[in-house]
There are 2 protein chains.
Amino acid sequence: MYHYNKNTKKLLLQLLLVMGDEMDINYELYKIFYVVATTGNVTAAAKELHISQPAVSKHIRNLECSLGGPLFIRSNQGMILTETGRAIYQSIKDGVNAFSNANLIFSDYASLLKGTIKIGISTSLTRFYLLPYLETFHKEYPNITILIYTDPSAMLKKKLQTGEIDFLIAKYNGPDSEFSFHPLGELHDIFIASSAYDSLRGKNLTLEELTKYPILLQREPSTSRRRFDAFCRENNVSFDVSTYIASSTLLEDFVKIGFGIGVATKEYIQKELDQGNVFELSVMKSLPSISFGYYVLKDGITSFSVKKLIELLEKR
Amino acid sequence: MYHYNKNTKKLLLQLLLVMGDEMDINYELYKIFYVVATTGNVTAAAKELHISQPAVSKHIRNLECSLGGPLFIRSNQGMILTETGRAIYQSIKDGVNAFSNANLIFSDYASLLKGTIKIGISTSLTRFYLLPYLETFHKEYPNITILIYTDPSAMLKKKLQTGEIDFLIAKYNGPDSEFSFHPLGELHDIFIASSAYDSLRGKNLTLEELTKYPILLQREPSTSRRRFDAFCRENNVSFDVSTYIASSTLLEDFVKIGFGIGVATKEYIQKELDQGNVFELSVMKSLPSISFGYYVLKDGITSFSVKKLIELLEKR
DNA sequence: CGCCGTTACGAATTACGTAATCATA
DNA sequence: TATGATTACGTAATTCGTAACGGCG
């Protein structure tokens, strides 16, 4: 009744392996089985599967041969499950549902109903640049989890390498072999002072003149610091750095109470400038502007949600 | 990065159907995905799947194309699941397990660790014939459920037609279009009497002589009764049927208390004969013997367990 | 150079659909 | 005769494996 002329090779393998993982049966056949079992009808199943009736018939036969026994009782009224067929039906249904579920989950991710974005970015850049984008993004995709990592940029690059974060927003740091950089904007370092230095307000100063005043810099060996040092060397000036400050907000505070002249990123302290707590010194040779943007791994495989957020960032 | 050059036709269909049942993805690809995800390694997966490395690689690519997004991050160290890949992994694992489970269940049935046998058979035939076989069978396959249906044979044949029972053990009833009959043995109807008729013991009687005595027959319009009537017609004798008895055991009881001469199947009452409660009358013209055996539907699709039991019955 | 994944391509298999066949109500 | 399953068979598509390639430590 059953023609075991097929799968001879596979059956041999199976025998040689002495009960393999039972994964050797073509899963497509289970799909066909499921549809035929639920419809009880090869014709209807064929329609549902978008293949011809004989194809379905043959698939069922193949499954029965692969397993080694009948699953359906054929009649001119349709296909009725045998006892064995009924016995395996539930498991196969479970399998089909599980696969459908996998599909749905994938769809959730693809349609941004689910997902996680891990961003490496400094708090300053977050406040100045990222926050409004996150607000927009979160409004549209409220179920995407966003994680912000604020380690120093050197560590963030390591995390980007290892995949701990999806991408990194930071200042441009020269060409790189394993990351690709995409600019998003420009930052400008400026000299700032408080009312204690009101005499300097409005004056167009030279760098030499500035060196007469105490300068406040960030302590941390950041790229900003290195750039400032390079700037000084290039212009043959040397500042009397009175104090190194740990954080940029603290630096603002020191400037405000008149401790000295600070070097800060204009965009980060725009609010302070607007409020008049500090003012920008007019210097003839301005500090070089620096580009910031996002870094991603060069292979560029990113999740749907990351793609979408980056798309949003690049839109403007 | 992804080449959507494949499945164009299927994708079109999917679009036209506006979110189909999500069954359109080749389930084989899920199997491949599962193995690659668990091994984290295309090479190892290829070995496990008994196909070549490039084949696995291409399958994974096809799955990613079918779904519409990446599932793995490729590296020269192996394959790492993306967030989305991790998200669907569990469901796919569930599906694979469900299908494996279906396989195991099938194996249980094929190896007779599970199963049900529904037999139609009279109580007499059960006691006389079937019981020892069932004992043997049950000893070897204790987990097979055996159900005995003892309706009249006409109803049992209907149940066999509808599939309510797997096969039917009964006396031969002439050729049949939808059942096939396989003989298992012979039954012999005899005339019996108790000590009240001791005068007849040892005598070689003619049928005419027998007609002088009251005859006890089964009331129910069984095939046995019809055969007996036919026998009488053929031999031009007419019995004075004093009493019709409902059941064969009751008939024995009536014979035992000397109510008359009974017609019974020798094999069924062998114990009574051995115990000397009743004796067989020696009649010159003996009642015709009748074959009994099992009936199955002509298409002959039976479960593993039914096959095995029938095999046992036919062995001797 | 070895490991691992991908691409290319020709050969073999398979899956498919059309048409014909069978069986039953 | 109509419905539904199976068989036959030629075609078309897919799958597979071999070989070659590319990146990385």
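Numbered from 1 within each chain, the chains take letters A, B, ... in sequence-line order. Basis for what follows: all heavy atoms, side chains included, without hydrogens, waters or symmetry-related copies.
- Looking at the side chain of A:Gln53, the nearest of the listed nucleotides C:dT6, D:dG4, C:dA19 is D:dG4.
- Among C:dA23, D:dC16, D:dT15, the nucleotide with an atom closest to any side-chain atom of A:Asn76 is C:dA23.
- Set against C:dG17, C:dT7, D:dT7, the side chain of A:Ser52 has C:dG17 as its closest nucleotide.
- Cation-pi geometry between B:Lys157 and B:Tyr295 is met: under 6.0 angstrom from the ring centre, within 45 degrees of the axis.
- When the nearest nucleotides of DNA chain D are assigned to A:Thr43 and B:Gln77 by heavy-atom distance, the more 5′-ward of the two goes with A:Thr43.
- For A:Tyr172 and A:Phe181, the gap between ring centers is short of 6.0 Å.
- At whole-Å resolution of the value, CD1 in A:Ile32 and P in D:dT6 are 13 Å apart.
- Rounded to whole Å, atom P of D:dG22 lies 18 Å from atom NZ of A:Lys298.
- Within the cation-pi definition used here (under 6.0 Å to the ring centroid, within 45° of the axis), B:Lys31 does not qualify as a partner of B:Tyr34.
- In this structure, A:Ser57 does not reach the D:dA5 phosphate: none of its side-chain N or O atoms is under 4.0 Å from OP1 or OP2.
- Taking atom CZ of residue A:Arg61 and atom C1' of nucleotide C:dT14, one finds them 18 Å apart after rounding to whole Å.
- No side-chain N or O of B:Glu48 forms a donor-acceptor pair with one of B:Thr39 less than 3.5 Å apart.
- As rounded to whole Å, 13 Å separates atom P of C:dT6 from atom NE2 of B:His59.
- Between the C1' atom of D:dT15 and the CD atom of A:Glu28 lies a distance of 13 Å, rounded to the nearest Å.
- Contact check for A:Leu313 versus A:Leu130: side-chain heavy atoms found under the 4.5 Å cut-off.
- Atoms CG (B:Leu29) and P (D:dT14) sit 12 Å apart, rounded to a whole Å.
- Checked against C:dC9, D:dA19, C:dG5, the side chain of B:Pro54 finds its nearest nucleotide in D:dA19.
- Whole-Å rounding puts the B:Asn41 CG to C:dC3 P distance at 12 Å.
- Taking the side chain of B:Arg74 as heavy atoms from C-beta on, and the options C:dC16, C:dG5, C:dA8, the nearest nucleotide is C:dG5.
- Of the candidate nucleotides C:dC16, C:dA19, C:dG5, C:dC16 has the atom nearest to the side chain of A:Ile51.
- Of the candidate nucleotides D:dT15, D:dC9, D:dT6, D:dT15 has the atom nearest to the side chain of B:Asn26.
- For A:Lys47 and D:dT3, the NZ to P distance is 10 Å, given to the nearest whole Å.
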